[in-house]
Chemist: 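Supplied in structure tokens, the structure appears directly below.
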Amino acid sequence: MTTKFLLDESEMPTRWYNVIPDLPSPPPPVLHPGTLQPVGPEDLAPLFPMELILQEVTTDSYVDIPGPVLDVYRLWRPSPLYRAHRLEKALGTPAHIYYKYEGVSPAGSHKPNTAVPQAYYNAQAGIRRLTTETGAGQWGTALAFACAQFGLDCEVWQVRASYDQKPYRKMMIEVFGGTIHPSPSDLTEAGRKILAEHPDSTGSLGIAISEAVEVAAQSPDTNYALGSVLNHVLLHQTIIGEEALLQMAKAGEQPDLIVGCTGGGSNFGGLAFPFLREKLAGRMAPTIRAVEPAACPSLTRGTYAYDFGDTAGMTPLMKMHSLGHDFVPDPIHAGGLRYHGMSPLISHLKELGLLEAVAKPQRECFAAGVQFARTEGIVPAPEPTHALAAAIEEALLCKETGESKVILTALCGHAHLDLPAYDAYLSGKMVDHELDSGAVDAAVRSMPPVTIG
Ligand SMILES: Cc1ncc(COP(=O)(O)O)c(C=O)c1O
């Protein structure tokens with residue numbers, strides 16, 4: 001009864017996988033908000049180094065992982081794949097549940113998989129400082145760690161709701177050498193504008209992105225780094241799925257269902273894309289399911305249209321499932337899932353029918369998180385409790401039908417610095433925030449009208 005399926009360091013994949021060339025059609029282009037023409041490398045150059053811009057638009061199926069990035073990855077990679085024997089037993093299900101655990105990284109989540117290459121390529125390009133947003137704080141921690149590896153300064157704007165809920169993230173970012181501000185802040189024009197209208201704003205990822213982008217755009221030695229959403233971020237995360245493919249082969253099984261939580265789509269895409277490649281080639285046939293919070297249901301209830309990636313409207317326009325860039329989600333505990341939009345690539349796959357999406361309220365997710373902790377011994381971050389709730393739902397269906405489905409889920413982080421969220425759940429203080437349709441309509445009305453020929 002094997003519990004952990006491990007890879008030797010020598011078996012770690014050395015290439016990231018780009019799913020786009022394998023799709024029946026490419027995702028729609030990202031547009032310049034002024035001209036409504038597809039953005040070119042020069043439009044993105046004030047924010048990103050050229051290597052990352054090229055990865056954003058690459059049509060190559062694979063990108064080699066640079067040696068210095070592999071060296072840092074080896075601090076925690078390959079990450080383990082577990083068979084959840086104890087959870088299966090507690091559920092009384094004939095399903096086989098596997099989870100790929102990314103909480104072994106320095107930040108405690110999948111985020112360093114892209115933070116490290118982003119810091120590396122920026123350092124190579126002569127950049128001295130990176131700015132970024134963070135929700136739960138996982139991404140800010142990951143980038144602060146990655147910047148320390150390559151001698152860069154790191155400045156982080158953390159969404160106010162999470163800044164107040166998770167004080168230890170601030171300390172960890174500072175230990176890694178980063179600087180952190182709550183967002184909205186009075187350090188930027190975008191932040192001051194929000195604070196003037198809403199002094200008690202709990203913030204959102206969209207607002208924090210505006211602040212970090214504004215600061216990066218003003219200094220030639222400073223670039224911006226995004227922890228999710230963009231193609232190059234999802235590309236870097238495919239190391240998760242490439243490893244999991246090798247590990248599932250060691251387990252002698254193929255997944256019938258792959259399930260992951262989606263904030264901007266990076267841990268889900270990272271796990272699912274290599275399996276999607278196998279599916280498109282006819283070598284396996286898993287159902288691929290994204291799970292998002294009912295309080296911020298971009299994929300299940302948002303509109304598929306061009307919208308800004310940030311609240312102030314400073315980013316290019318991306319075609320994605322969005323609740324509108326003005327949308328400020330309720331302060332749920334899964335801070336990393338409080339984003340108004342979705343990765344354009346994940347959105348495109350949804351439109352192509354290559355993945356499905358469901359939304360879950362947070363109490364059901366925390367119930368799953370507690371059950372998982374009590375059986376498997378890992379306290380999951382609030383974000384992946386969404387995936388676990390959907391995995392448990394499927395496993396219980398299997399109990400009814402008697403099917404031994406193989407379920408593979410992304411356990412993308414632990415909750416060691418998110419314990420107040422569990423306290424809120426266990427003490428009965430947690431509430432579910434369901435969006436009524438009026439709120440969805442109002443949010444979507446803020447989307448810019450974009451007509452493309
Ligand atoms: C642990 C964890 N999971 C998931 C997410 C959501 O991001 P993504 O959908 O890009 O994986 C975050 C974002 O902060 C996170 O910290």
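All values reported here derive from a predicted model rather than from experimental measurement. Just follow the structure's listing: the first ligand is 1, and inside any ligand the first atom is 1.
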Chemist: Please determine, by modelled atom types, if E253 and Y98 share a side-chain donor-acceptor pair under 3.5 angstrom.
Modeler: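 E253 vs Y98: donor-acceptor pair found between side chains.
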Chemist: Suppose we measure from atom 6 (C) of ligand 1 to each protein heavy atom; which comes out shortest, and what is that distance?
Modeler: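 For atom 6 (C) of ligand 1, the nearest protein heavy atom comes out as G336 O, 3.4 Å.
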Chemist: Please report the interatomic distance CE(M320) to CG(L345), rounded to the nearest 0.5 Å.
Modeler: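 Answer rounded to 0.5 Å: 13.5 Å.
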Chemist: If we only consider heavy atoms of E102, is any one of them less than 4.0 Å away from an atom in ligand 1?
Modeler: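 No.
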Chemist: Is the contact between L337 and ligand 1 made by the side chain, the backbone, both, or neither, using heavy atoms and a 4.0 Å cut-off?
Modeler: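 The side chain, only.
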Chemist: Answer yes if the side chains of E88 and H96 hold a donor-acceptor pair under 3.5 Å, and no otherwise.
Modeler: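 The answer is no; no qualifying pair exists.
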Chemist: Identify the closest protein heavy atom to atom 1 (C) of ligand 1: which residue and atom is it, and at what distance?
Modeler: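 Ranking protein heavy atoms by distance from atom 1 (C) of ligand 1, first comes E383 OE1, 3.6 Å.
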Chemist: For the residue pair E155 / T179, report whether a side-chain donor-acceptor contact shorter than 3.5 Å exists.
Modeler: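 No - no donor-acceptor pair under 3.5 Å links their side chains.
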Chemist: With only distance considered, is G265 within less than 3.5 Å of ligand 1 through an N or O on each side?
Modeler: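 So ligand 1 has an N or O lying under 3.5 Å from an N or O of G265.
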Chemist: Would you check the N or O atoms of S109, main chain and side chain alike, for any that come under 3.5 Å of an N or O of ligand 1?
Modeler: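 No, there is no polar N/O contact under 3.5 Å.
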Chemist: Say whether Q138, considering both its backbone and side-chain N or O atoms, lies within less than 3.5 Å of an N or O atom on ligand 1.
Modeler: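 No, since none of the N or O atoms of Q138 sits under 3.5 Å from an N or O of ligand 1.
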Chemist: Below 4.0 Å, non-hydrogen atoms only: which portion of T262 touches ligand 1? Side chain, backbone, both or neither.
Modeler: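 It is the backbone that touches ligand 1; the side chain stays farther off.
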Chemist: Does a donor on one side chain sit under 3.5 Å from an acceptor on the other, for Q158 and K166?
Modeler: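 No - no donor-acceptor pair under 3.5 Å links their side chains.
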Chemist: May I ask you to identify the nearest protein heavy atom to atom 7 (O) of ligand 1, giving residue, atom name and distance to one decimal place in Å?
Modeler: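 It is K111 NZ, 3.2 Å.
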Chemist: Do E133 and Y224 get their side chains close enough for a donor-acceptor pair, meaning under 3.5 Å?
Modeler: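 E133 vs Y224: donor-acceptor pair found between side chains.
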Chemist: Are more than 12 heavy atoms from other residues, nucleotides or ligands located less than 6.0 Å from atom CZ of R74?
Modeler: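 Yes, CZ of R74 has more than 12 neighbouring heavy atoms, counting only those of other groups under 6.0 Å.
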Chemist: At what distance is the nearest protein heavy atom to atom 10 (O) of ligand 1, and which residue and atom is it?
Modeler: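 Result for atom 10 (O) of ligand 1: S228 OG, 2.4 Å.
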Chemist: Below a 4.0 angstrom heavy-atom separation, can you tell me which part of Q237, side chain or backbone, both or neither, approaches ligand 1?
Modeler: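 Contact part for Q237 vs ligand 1: neither.
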Chemist: Would you mind checking which non-hydrogen protein atom is closest to atom 3 (N) of ligand 1, with the distance to 0.1 Å?
Modeler: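 So the nearest neighbour among protein heavy atoms is C412 SG, 3.1 Å.
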Chemist: If we count only N and O atoms by modelled type, under 3.5 Å, do the side chains of H236 and Q55 hold a donor and an acceptor together?
Modeler: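 There is such a pair between these side chains.
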